[in-house]
Amino acid sequence: MNCVEQSNETKGSMAQKRDNITLLRNLNAEQRKAVEHVDGPNLILAGAGSGKTRVLTHKIGYLIERKKSPPQNILAMTFTNKAANEMKERVVQLIKGDIRGLWIGTFHANFARILRKNCEKLGYSYNFAIYDESDQLSLIKAIIKDLDILPASKVSPKGIHSKIKFLKNANVTFDEFEKIYQGYVDESLRLVYSHYTKRLKDNNAMDFEDLLLKSIELFTLFPAVLAYYQNMFRYLLVDEYQDTNRLQYDLLKLLSAQYRNISVVGDDDQSIYQWRGADIRNILEFEKDFPECTIFRLEQNYRSTTNILKVAHSIISHNVHRMDKELWTKNDCGEKICLKIATDAYEETNFIIQKIESEIQLNQRNFSDFAILYRINAQSRVIEMALKNSGINYVIIGGVRFYARKEIKDVLAYLKVLVNPKDSISLRRIINYPQRGIGAATFEKIEKYSLQKNISVFEAMKKINEIDSISQTKRQGISEFIYLIEKYLQLKSSISTGELIPALIDDLGILSDLKKEGTHEAYNRIENIRELMFSINEFIKQNPELTLENYLENVALISDIDSLDNKANAVSLITLHSAKGLEFPVVFITGLEEGLLPLARQMAYEHGLEEERRLFYVGVTRAKEKLYLSAAKFRRQPNDNSNGSVSRFLNEIDKSLIEIDRNSYHHASPASRDTQTAKSIIEMENSNQSTARLKPGMLVRHPRFGTGVIRKVDGIGEEVKAYILFEELGEKIIKVKFCKLEILS
DNA sequence: GAGCGGCCTTTTTTT
DNA sequence: AAGGCCGCTC
């Protein structure tokens, strides 16, 4: 990184000078001022690539080395675990001293830690479970079913879930909320919410929001606890401040109230988490809540070319509610940004592959120099296939998250029950896995009984003989299950976790069952479970003092980006959101048309902003040298030739800085293509593009099923399916990949 | 009455 | 890829 050396050193003692040389050497004037300001609140507005992380790490180093602050008096909030680890490493490198005791992690991780210690005061026990999205949803579904009074068709569990989440993140009461968002809160929501709260507590479980909400409750109800932590955290540092929500902000205000030494670092232009409650007002109003605050502005970019910065600025400047600023850089102009206008995702992908290949040939780049960004994970499929065919190494970050896979969740559910037997959601998962002949109906009977008797589901299972409506064979199955769990509950205290888990998996026969299945899918599941066992062992090896409880918490709060291995020589496929904080020499942003501007419109609507805040992700400046944008609809409907978003995009952008590649866009509309390809046999196995040519209404001949008419075409990549109405057989669904269709008209 | 298997739909983004 | 829904079977 080409940082500017500091020339006009401040006057001071020799000792101070020496310290400055070692510690503050790599900072520019404004960065240095921001680092040295540690007493009192300060807001550091740091544009993309302006050395935000550098300032934070130096500040921590400065506090420990120069201010002689014990590490345990510093609390640093990062956005991901990965960022926390990197920051920790960098501080260690910087000061070459001991940073043990430093609190650094995500909001959720830091407050989970505080709650583990103090939650008994709130009626939870230390081994509380953390429910992920699907656990939360299961609970809400169970409640809706249970309440029965709601016409099931009128309430969507997902809708209720997202509303509850939104309410929690905003940290307001129903009544306050109703005033602002009329019609948002209704009786059914109120009812489900109150049951949801109760059931979570019954299960000794918290959702993500509870980790913050219960911390506030703890601090409010027990001022002594608050005082303890206020005193402990003399210095608060917050990264990615623009993406904090109201709840997080309220916590920060509480914790910083005593010493008021709070440093927040953020950039309103990089706020991309409003959909999960991030409140841009936190940054705009920081000055009001901390009137004595000092503001620093970091506007020199060290990362990107001038052209990339200018393009980013020409788009971002159209946003409303924005603090005015413009980044500048000493870097070269660089090449023009390339905008590819493609007909569909296949053409878009071919373009990307061509560019990667030529960059490697002409500029000796490695695979790891490239990132392909998209907005939704499903978009990776087409790209993945094409990269595979071209022999380009790639890694997908995210997608179906490892810890969200069914087999992994199943195994983890056993562990969660062993840690916290009150966890009824995990019990529900495993009661019939492996199959014991106990279905949903039986489980719900047991659940109902537990609610009646006010005991946990686990306790109710132990008393299965008291539940009349359950047949003898089912009682038998449940008793065997209870016996198994109790056996492992005992083993848990006598053997190590490293031994316990393989024994349990073996006892359940999970791997041998999957082996018997023999499918490719089952094989993958086996691999995943092995991978899980390996990761547990690694965790134990690295943290011998930690327990199974700690492992489960770690898993619950992990994110995909945390596992990104920068050393692999592979192209990174990643969502725009996950890519936050990463940088690559060459970046492709795909699906421009589908993804970005419509999203902004929707968010503006949902969050009640008066005006549309057009979020063009400034993440684009994560590109160091070259930026390729591409506009192709991810799932373009057959007759949709619109390019509305792109033309609007073009209106906003400074056209002298971009080069538009619209090659085949005009002369190959879908219709003309069809005529060209009529009567040709399409080799489905080896051509992705051909699958795109199948359109509803086409008459086709299948080698075995005869002729038929395509009703619709669905899916992408390997998954493309055609719904075909055959003359003799009726409708069939054909996996296009595995057959040869002859197009007749 | 319950469980189970097959078929269909649906999926932003994440701690 | 996984959950919802439906119809089949015990």
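Chain letters run A, B, ... following the sequence lines, proteins first and then strands; every chain starts at 1. No experiment lies behind these values; they were computed from the predicted model shown.
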Could you tell me how far apart [X] ([atom1]) and [N] ([atom2]) are, to the nearest whole angstrom?
X	N	atom1	atom2	value
L139(A)	dG3(C)	CG	C1'	17 Å
L373(A)	dT14(B)	CG	P	12 Å
F166(A)	dT13(B)	CZ	C1'	15 Å
L211(A)	dT14(B)	CG	P	19 Å
E133(A)	dG3(C)	CD	P	13 Å
F208(A)	dT14(B)	CZ	C1'	8 Å
K406(A)	dA1(C)	NZ	P	13 Å
Y403(A)	dA2(C)	OH	P	16 Å

Report yes if at least one side-chain N or O of [X] is closer than 4.0 Å to OP1 or OP2 of [N]; otherwise report no.
X	N	result
R525(A)	dA2(C)	yes
S578(A)	dT14(B)	yes
K409(A)	dA2(C)	no

- [ ] Name the nucleic acid region contacted by F79(A), choosing base, sugar-phosphate or nothing; use a 4.0 angstrom heavy-atom cut-off, strictly under.
- [x] sugar-phosphate

Open item on the list: Closest approach to the side chain of K158(A), judged atom by atom: which nucleotide of dT11(B), dA2(C), dG4(C) is it?
Closed with: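 Nearest to the side-chain atoms of K158(A), counting from C-beta on, is dT11(B).
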
Task: Nucleotide of dT13(B), dA2(C), dT15(B) approaching T80(A) most closely (side-chain heavy atoms) - done: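 Given the options dT13(B), dA2(C), dT15(B), the side chain of T80(A) is closest to dT15(B).
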
Please produce a list of atom pairs where a protein N or O lies less than 3.5 Å from an N or O of nucleotides 1-6 of chain B.
unit_1	atom_1	unit_2	atom_2	d
dA2(B)	OP1	K445(A)	NZ	2.5
dG3(B)	OP1	G439(A)	N	2.7
dG3(B)	OP1	T442(A)	OG1	2.5
dG3(B)	OP2	A441(A)	N	3.3
dC4(B)	OP2	N432(A)	ND2	2.9

Task: Pair E531(A) + R405(A): basic N to acidic O under 4.0 Å - done: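 So E531(A) does not pair with R405(A) through a salt bridge.
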
- [ ] Answer yes or no: is there an ion pair linking E444(A) with K145(A), defined by an N-O contact shorter than 4.0 Å?
- [x] yes

Taking atom types as modelled and ignoring hydrogens, do the side chains of [X] and [Y] form a donor-acceptor contact shorter than 3.5 angstrom?
X	Y	result
Y403(A)	D132(A)	no
D423(A)	N203(A)	no
Y551(A)	S535(A)	yes
N204(A)	N127(A)	yes
N282(A)	R246(A)	yes

